[in-house]
**Student:** 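Before I ask anything, let me first share the structure, which is written out below as structure tokens.
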Amino acid sequence: MKPVFALVDCNNFYASCERLFRPDLAGRPIVVLSNNDGCIVARSAEAKALGIKMGVPVYQVERYLQQQGVAIFSSNYALYADISARVMSILEQLAPRVEIYSIDEAFLDLTGVAASTSLSEFGSQIRQTVGQHTGIRVCVGIAPTKTLAKLANHAAKQYPATGGVVDLTDPARQSRLLALVPVNDIWGVGRRLSQRLQADGIRTALDLAAADPKSIRQQYSVVLERTLRELNGEPCLSLEEVTPTKQQIICSRSFGQRITTFQEMREAICEYTSRAAEKLRQEKRIAKRLSIFLRTNRFNASEPQYMPSPGAELPIPTDDTRELVAAAARLLRTCWKDGYRYMKAGVMLTDFYETGSFQPDLFSSGSAPLRSKALMSVLDTINQGGHGRVFLAGQGLHQTWSMQRRSLSPAYTTRWQDLPVAK
DNA sequence: TCTGGGGTCCTAGGACCC
DNA sequence: TCTGGGGTCCTAGGACCC
């Protein structure tokens, strides 16, 4: 049986989540900012219509946002994750196999669905059900490959006449759409590739689909060859239901204010290491390698730049916050230099093993690592419970460097104090 | 003054081995 | 005054995604 994929994508997801609990904002433009209130990362339809671009630094458009009466929100990730989980669980009820691709997108396997009902009808059912149960609007693209399903979804968003659902299983329809799509709108073709492709005379998705797979592989890469084949309806990417285990865990942030002292940086690195260790334990992994990085402001050419990123192997892989923090602090001492204004720092864990699976080598002897499963699990339970936090002294009490979130909405669905009240 | 964070995959090139 | 060839493993960096 020929495979059929659907891509379900939430419209303007973060902005829509904010509006769910603020009916007074109906029809008003909304933008959501990145961490630290730096850039615009999501826009409502009204904000897009005003010409506000994705990714622009807020300070460049602050006046304009005010003039236009745009509602501004800091990122409220707890809220978006919770709404996302609700949307995804509905999709899992509707389709037998679902791959959660990102916070606001999922691929569905619709192979065989057409027997009872038409594919586009099924797409409309998805839209309706999700809309009814969560208030979130989605668009649905349906096609024989993931790459085509992405394009179908794109079209469903772009052309209101489609009613938010595009069935692209018909080859004639595929080529009509591909002729309209510029290469940079193809999934997997970014800024650099699209520049190169255009220089080679490949301007539309149809141009790429018509190119020779072998020479594309030679001149570009095996990845682009797969994209080309997928555009021609030949599936190269399959549905991945089980989330593959992580290869690396990163925790990094820009600071609310520049950091200039070792003490503050030490706090920040401790904090990020603790967050990374929590994620590691959630994954049920232990890590053998830890690295940290510091960054000055690369946008400011007149300032001296320093961006060290030292790393180290741990004697024995671990998921214990205290051991990881100690290692991170050692690395910080090796690379710290006074006299710079640091903008950002981060911690990265790599080289994972399953908890309990690691064989220590014959010669790593002696010093029993301070490690306690019980302690770490108590730490996690308390910190995930929402009734206060327990942390290492090194993380700092005041965290003067922590990020700015001036326009944060309440955690409507994940904190009792913030529950919306119907009057 | 003010520019996010967290991931993946692929490739090229160096180190090392026989 | 000459200096192979081929394989594997690892790392850094580039490109992409949301």
**Student:** Does anything in residues 178-189 of chain A reach DNA chain C, meaning a heavy atom under 4.0 Å, and if so which residues?
**Tutor:**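 Close to the strand are A:I186, A:W187, A:G188, A:V189.
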**Student:** With A:L20 as reference, evaluate A:L79, A:T134, A:I136 under the side-chain contact (heavy atoms from CB on, under 4.5 Å) test and give the passing residue.
**Tutor:**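 The single option meeting the side-chain contact (heavy atoms from CB on, under 4.5 Å) with A:L20 is A:I136.
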**Student:** Tabulated below should be each protein N or O lying under 3.5 Å from an N or O of nucleotides 9-15 of chain C; please produce it.
**Tutor:**
| residue | atom | partner | partner atom | Å |
| --- | --- | --- | --- | --- |
| C:dA15 | OP2 | A:R192 | NH1 | 3.2 |

**Student:** Please determine whether a side-chain nitrogen of the Lys or Arg among A:E303 and A:R341 lies less than 4.0 Å from a carboxylate oxygen of the Asp or Glu.
**Tutor:**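 The answer is yes: the pair qualifies as a salt bridge.
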**Student:** Ring pair (Phe, Tyr, Trp, His ring centres under 6.0 Å): which pairs involve residues 289-330 of chain A, sequence neighbours left out?
**Tutor:**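 Listed once each, the pairs are A:Y306-A:Y340.
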**Student:** At how many degrees, to 10°, do the end axes of the helix from B:dG5-C:dC18 to B:dC18-C:dG5 meet when each uses five pairs?
**Tutor:**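 Helix axis angle between the two ends: 10°.
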**Student:** For A:R63, which residues count as a side chain to side chain contact (heavy atoms under 4.5 Å, CB included) partner, sequence neighbours excluded?
**Tutor:**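 Result, side chain to side chain contact (heavy atoms under 4.5 Å, CB included) vs A:R63: A:Q67.
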**Student:** Is A:R196 salt-bridged to A:D200, cutoff N-O under 4.0 Å?
**Tutor:**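 Looking at A:R196 and A:D200, the cut-off is not met.
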**Student:** How long is the line joining CZ of A:F107 and C1' of C:dC17, in whole Å?
**Tutor:**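 Rounding to the nearest Å, CZ of A:F107 and C1' of C:dC17 are 11 Å apart.
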**Student:** Residues of residues 259-272 of chain A with any non-hydrogen atom less than 4.0 angstrom from an atom of DNA chain B: list those, numerically ordered, please.
**Tutor:**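 Heavy-atom contacts with DNA chain B come from no residue of residues 259-272 of chain A; none.
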**Student:** Give, ordered by number, those residues of residues 205-232 of chain A having at least one heavy-atom distance below 4.0 Å to an atom of DNA chain B; if nothing qualifies, reply none.
**Tutor:**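 Within residues 205-232 of chain A, the residues near DNA chain B are A:V222, A:V223, A:R226.
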**Student:** Quick test of your reading of the model: are A:R275 and A:E271 salt-bridged, counting only N-O distances below 4.0 Å?
**Tutor:**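 Yes.
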**Student:** To the nearest Å, how far apart are A:I100 CD1 and C:dC18 C1'?
**Tutor:**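 For the pair A:I100 CD1 and C:dC18 C1', the rounded distance is 15 Å.
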**Student:** Strictly below 4.0 Å, N to O, side chains only: are A:K150 and A:E105 in salt-bridge contact?
**Tutor:**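 Salt bridge flag = yes for A:E105 with A:K150.
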**Student:** Test of understanding: with side chain to side chain donor-acceptor pair (under 3.5 Å), list the residues that count as partners of A:R281, not counting sequence neighbours.
**Tutor:**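 In terms of side chain to side chain donor-acceptor pair (under 3.5 Å), with neighbours along the sequence ignored, A:R281 is linked to A:T321, A:D380.
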**Student:** Not counting sequence neighbours, which residues clear side chain to side chain donor-acceptor pair (under 3.5 Å) with A:R406? List them please.
**Tutor:**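 With neighbours one apart ignored, the set is A:Q404.
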**Student:** Could A:D351 and A:R289 be called an ion pair, given the rule that one side-chain N must be under 4.0 Å from one carboxylate O?
**Tutor:**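 No, no charged N to carboxylate O under 4.0 Å.
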**Student:** Is it the case that over 12 heavy atoms from other parts of the model lie below 6.0 angstrom from the CZ atom of A:R19?
**Tutor:**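 Yes, the 6.0 Å shell around CZ holds more than 12 heavy atoms from other groups.
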**Student:** Can you measure A:D104 atom CG to C:dC17 atom P for me and round it to whole angstrom units?
**Tutor:**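 After rounding, the reported distance stands at 15 Å.
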**Student:** Do the charged groups of A:R322 and A:D320 touch, with an N to O distance under 4.0 Å?
**Tutor:**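 Result for this pair is yes, salt bridge flagged.
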**Student:** Can you tell whether the side chains of A:K146 and A:E99 come within less than 4.0 Å, N to carboxylate O?
**Tutor:**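 Salt bridge: yes.
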**Student:** Suppose we screen for side chain to side chain donor-acceptor pair (under 3.5 Å). Which residues come up paired with A:E230, at least two apart in sequence or across chains?
**Tutor:**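 With neighbours one apart ignored, the set is A:T147.
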**Student:** Are A:R405 and A:D37 ion-paired here, with the side-chain N under 4.0 Å from a carboxylate O?
**Tutor:**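 No, A:R405 and A:D37 are not salt-bridged.
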**Student:** Sequence neighbours left out, what passes side chain to side chain donor-acceptor pair (under 3.5 Å) with A:N297? Give chain and number order.
**Tutor:**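 Listed in chain order: nothing, the list is empty.
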**Student:** I'd like to know if A:E313 and A:K288 make a salt bridge, using a cut-off of under 4.0 Å between side-chain N and carboxylate O.
**Tutor:**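 Yes, this pair counts.
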**Student:** Treating primed atoms plus P, OP1 and OP2 as sugar-phosphate and everything else as base, which nucleotides of nucleotides 2-8 of chain B get B, S or - for protein heavy atoms under 4.0 Å?
**Tutor:** BBSSSSB
**Student:** How long is the span from the CG atom in A:L294 to the NZ atom in A:K344, to the nearest 0.5 Å?
**Tutor:**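 Those atoms lie 12.0 Å apart.
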